[in-house]
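Reviewing the structure listed below.
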Amino acid sequence: MKNKSVILGIIIIVVVSLLTTGCAIKSALSVQEFKDHMGALGYSTTEDEKALYEAKSYLVASKSDVPYKIEFYEFEEKVEAQKVFKKYTDNIADYLTTSSKNIKTTGALFDKFVAKSDNEYIVVDRVKNTLIFIAGTVDYQEEIDSLLEDINY
């Protein structure tokens with residue numbers, strides 16, 4: 001009886017840990033899910049056959065009334081997405097005109113890097129074998145964050 005209580009306690013601790021870190025709820029979008037979601041929000045999505053960083057798929061979502069675009073990469077393997085995430089975050093200063101406050105969050109299935117300067121707002125977000133890159137302005141920070149929250153990135 002005592003062994004069952006100990007095992008049950010361990011299971012509860014593991015489940016609570018996964019739920020509180022968000023690891024259990026992150027899932028990568030497929031190319032079609034990304035297209036469908038962006039289309040529903042009024043973005044036009046184009047696919048580049050040259051696929052930057054040797055991605056399996058590379059899409060760009062844009063909208064005429066916003067000054068940023070959303071780059072979506074899908075890779076064959078998670079390791080490839082992690083390498084590109086590192087390339088972006090190592091070179092984030094190339095995208096900024098002033099110094100920034102940077103926040104990096106890492107989980108079992110994802111990495112997220114946010115850089116915010118006086119005027120710029122940049123997000124690099126990887127979930128499993130996919131990656132999203134957005135370089136916008138602080139004026140659109142709430143919209144960008146909301147969009148990423150909607151797609152669970």
Side-chain angles (χ1 to χ4, degrees), residues 14-153:
V14 169
V15 170
V16 169
S17 295
L18 288 174
L19 291 175
T20 58
T21 61
C23 294
I25 56 173
K26 291 274 188 185
S27 65
L29 291 177
S30 69
V31 168
Q32 191 59 51
E33 288 170 329
F34 180 79
K35 286 180 183 179
D36 292 346
H37 189 79
M38 292 298 114
L41 295 173
Y43 288 82
S44 60
T45 306
T46 57
E47 188 164 357
D48 189 336
E49 293 182 17
K50 295 179 184 173
L52 294 176
Y53 298 110
E54 298 181 23
K56 178 179 170 183
S57 298
Y58 170 65
L59 290 88
V60 178
S62 59
K63 200 157 106 170
S64 62
D65 62 340
V66 295
Y68 62 86
K69 60 184 178 180
I70 304 154
E71 297 179 33
F72 177 84
Y73 300 84
E74 178 186 41
F75 297 92
E76 291 288 341
E77 300 291 329
K78 174 180 82 169
V79 165
E80 295 167 322
Q82 289 170 319
K83 287 179 185 175
V84 174
F85 178 86
K86 184 169 176 12
K87 284 181 185 180
Y88 268 117
T89 56
D90 286 350
N91 297 312
I92 206 75
D94 295 345
Y95 299 98
L96 301 171
T97 57
T98 61
S99 63
S100 67
K101 296 176 184 171
N102 303 333
I103 300 171
K104 183 176 180 182
T105 310
T106 301
L109 304 174
F110 71 96
D111 296 296
K112 186 171 188 171
F113 184 87
V114 177
K116 182 178 177 181
S117 69
D118 294 338
N119 190 41
E120 295 140 321
Y121 187 71
I122 298 171
V123 179
V124 186
D125 204 337
R126 180 197 65 82
V127 176
K128 296 183 181 177
N129 67 322
T130 65
L131 183 128
I132 289 179
F133 174 78
I134 305 172
T137 63
V138 293
D139 296 337
Y140 288 89
Q141 176 180 343
E142 287 182 27
E143 183 175 326
I144 291 168
D145 289 346
S146 176
L147 182 142
L148 291 171
E149 187 177 313
D150 285 348
I151 60 175
N152 206 19
Y153 272 70

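Note that the coordinates shown come from a computational prediction; the quantities given were computed from them, not determined experimentally.
Counting heavy atoms from C-beta outward, F113 and Y88 have side chains that stay 4.5 Å or more apart. The shortest side-chain heavy-atom distance between R126 and K78 falls under the 4.5 Å cut-off. Taking 4.5 Å as the limit, every side-chain heavy atom of I134 sits out of range of all side-chain heavy atoms of Y121.
Remark: K63 is positioned above the aromatic ring of Y43, its terminal NZ or CZ atom under 6.0 angstrom from the ring centre and at most 45 degrees off the axis.
Considering all non-hydrogen atoms of both residues, T45 and A61 come closest at OG1-CB, 4.0 Å. Contact detail for A28 and E33: the closest heavy-atom pair is O-OE1, 4.0 Å. For the residue pair F85 and D125, the shortest heavy atom distance occurs at CE1-N, 4.5 Å. Contact detail for S117 and V138: the closest heavy-atom pair is O-CG1, 3.6 Å. For the residue pair K112 and Y153, the shortest heavy atom distance occurs at NZ-O, 3.7 Å. When every heavy atom of Y68 is checked against every heavy atom of A135, the shortest pair comes out as CB-O, 3.4 Å.
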(request) Walk me through it: do Y53 and F133 pass the test ring pair (Phe, Tyr, Trp, His ring centres under 6.0 Å)? (result) CA-CA 13 Å; Y53 298 110; F133 174 78; 9.5 Å; no

(request) Walk me through it: do V31 and L59 pass the test side chain to side chain contact (heavy atoms under 4.5 Å, CB included)? (result) CA-CA 8 Å; V31 168; L59 290 88; 3.7 Å; yes

(message) If you apply the rule side chain to side chain contact (heavy atoms under 4.5 Å, CB included), what do you find for V123 with I132, and how did you get there?
(response) CA-CA 8 Å; V123 179; I132 289 179; over 6 Å; no

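To the nearest 0.5 angstrom, N152 atom CG is 10.0 Å from F110 atom CZ. The CD1 atom of I122 sits 9.5 Å away from atom CD1 of I144, with the distance rounded to the nearest 0.5 Å. Residue T137 holds its OG1 atom at 6.0 Å from CG of N119, rounded to the nearest 0.5 Å. Here K56 contributes atom NZ and E74 contributes atom CD; the two are 4.5 Å apart, rounded to the nearest 0.5 Å. Atom OG of residue S57 and atom CG of residue N129 lie 10.0 Å apart, to the nearest 0.5 angstrom. A distance of 7.5 Å separates CE in M38 from CG in L29, rounded to the nearest 0.5 Å.
At distances below 3.5 Å, at least one donor-acceptor pair connects side-chain atoms of E80 with backbone N or O atoms of E77.
The aromatic rings of Y58 and Y73 sit tilted relative to each other, their planes meeting at an angle between 30° and 60°.
In this structure, a donor-acceptor pair under 3.5 Å is present between the side chains of D111 and T106.
Remark: D139 pairs with no residue by the side-chain hydrogen bond (donor to acceptor under 3.5 Å, both in side chains) rule, at least two apart or across chains.
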